[in-house]
Amino acid sequence: MKNCFVCMTTFQYSVAKKLAGQLFEKYNEKSVIIQKYIDLSDEDNLAYLKKIKVPKNICGKLIVAFISKIPFGANFFWSMTLGKINCLCYFNDRDPITKALYGLAKNKKIKTILIEEGLGTYFKSINPTLIGEVCPPDAAIIAYPALYKKYHTQEPQLFVLNYCSLFKRDLGLNKKNKKNDILFLGQSTPQHEELRDFELMFIKKLLSSFPGKNIFLKPHPRDIRFQKYLLDDNRVSVLPEEQILVPVEEIIDQFDIEIVASLFSSGCVSIATMNPNLKIIFGFALYKIPEKYNLQSIVEVSNYIRNVYIPHSQDDIEEINQQCLWNDVNRNETDMDLTIFA
């Protein structure tokens with residue numbers, strides 16, 4: 001096994017699984033995935049993946065005891081010590097298991113690669129601290145290198161993340177029967193109920209501003225209850241539950257849409273990267289969203305994503321439909337090459 005991916009969410013797992021598949025196809029080498037917080041039941045017997053499941057309640061100093069006593073944990077760390085794994089890939093997590101693996105990788109001179117998964121990659125302190133010093137990864141695969149350089153002075157080797165190559169998957173949806181014009185991404189409102197009313201008001205504004213368009217809702221996977229809302233409007237539909245659980249990047253090209261809208265879902269960032277012909281509308285500036293959500297990061301990243309719009313009024317929303325797309329998303333850096341993992 002040459003590559004290890006540390007995954008805490010279904011999106012991270014989806015990216016890791018696709019990268020592992022590409023690496024297996026190119027180099028005939030298997031990868032290992034360390035998973036926590038998520039139950040992965042789909043395609044459990046993938047030939048190119050070994051999965052190690054970490055109990056959810058493992059944290060802090062317990063990790064050391066855990067990996068030394070559990071057989072698969074010990075085998076994994078022996079594998080790293082013996083050099084069978086030469087690359088640790090992680091996302092913008094601060095979870096103790098990520099930090100423990102990162103520290104081990106650095107001590108063993110194993111290559112570390114940061115993989116972008118949204119806004120947090122750019123604005124949060126994501127490089128684990130080792131012996132009191134920030135230790136940056138050897139390389140980073142990200143969508144917007146210029147933005148990353150702005151906030152990280154210790155620069156790793158940068159490669160452009162090609163979301164399009166990662167998320168080509170036919171879910172069997174019939175585009176002719178799904179000809180909706182606006183996709184709306186919901187927030188994780190079970191944890192933030194205060195956002196519910198803002199979302200509903202924004203959806204109503206979209207219906208008013210685009211009278212000839214339909215809207216379908218993709219609730220956050222933790223917010224299946226959204227299916228109960230707005231179903232009395234025949235222009236609004238909700239994806240079935242089995243599609244709600246799929247990362248939005250995997251379904252975006254399955255529908256005939258023109259606009260993706262959300263209050264401030266970071267999923268819109270990767271969608272904008274994948275398809276510069278879509279218009280991305282964030283609605284947070286229309287309302288007094290609590291400052292704790294740090295929405296300035298979206299304002300910052302909008303300077304690098306040309307097809308993103310942040311309206312401040314109803315008139316602004318209506319004008320968006322008349323605006324032409326830039327069609328020049330800021331992706332003119334080095335393309336990702338799988339040899340980065342070698």
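These numbers were taken from a predicted model, which means no experiment stands behind them. Index from 1, following the sequence.
With a 4.5 Å cut-off on side-chain heavy atoms, Phe210 and Ile259 count as touching. For the pair Leu101/Tyr90, no side-chain contact is recorded, criterion being any heavy-atom separation below 4.5 Å from C-beta on. Side-chain contact between Tyr144 and Lys149 is absent, with no heavy atoms from C-beta onward closer than 4.5 Å. Between Phe5 and Gln12, the closest side-chain pair of non-hydrogen atoms is not below 4.5 Å. For the pair Asn307/Lys279, no side-chain contact is recorded, criterion being any heavy-atom separation below 4.5 Å from C-beta on. Between Leu19 and Ile115 there is a side-chain heavy-atom pair separated by less than 4.5 Å.
Put simply, the side chain of Lys111 gets close to the backbone of Ile340: a donor and an acceptor are under 3.5 Å apart. Remark: side-chain polar atoms of Gln187 are paired, donor with acceptor, to backbone N or O of Ser265 under 3.5 angstrom. At distances below 3.5 Å, at least one donor-acceptor pair connects side-chain atoms of Tyr287 with backbone N or O atoms of Phe202. Distance alone, capped at 3.5 Å, places no donor-acceptor pair between the Ser208 side chain and the Lys205 backbone.
The one candidate from Leu263, Ile289, Ile310 that meets the side chain to side chain contact (heavy atoms under 4.5 Å, CB included) condition with Leu295 is Ile289.
Take Lys26 and apply the salt bridge (Lys or Arg N to Asp or Glu O under 4.0 Å) test, not counting sequence neighbours, and it matches no residue.
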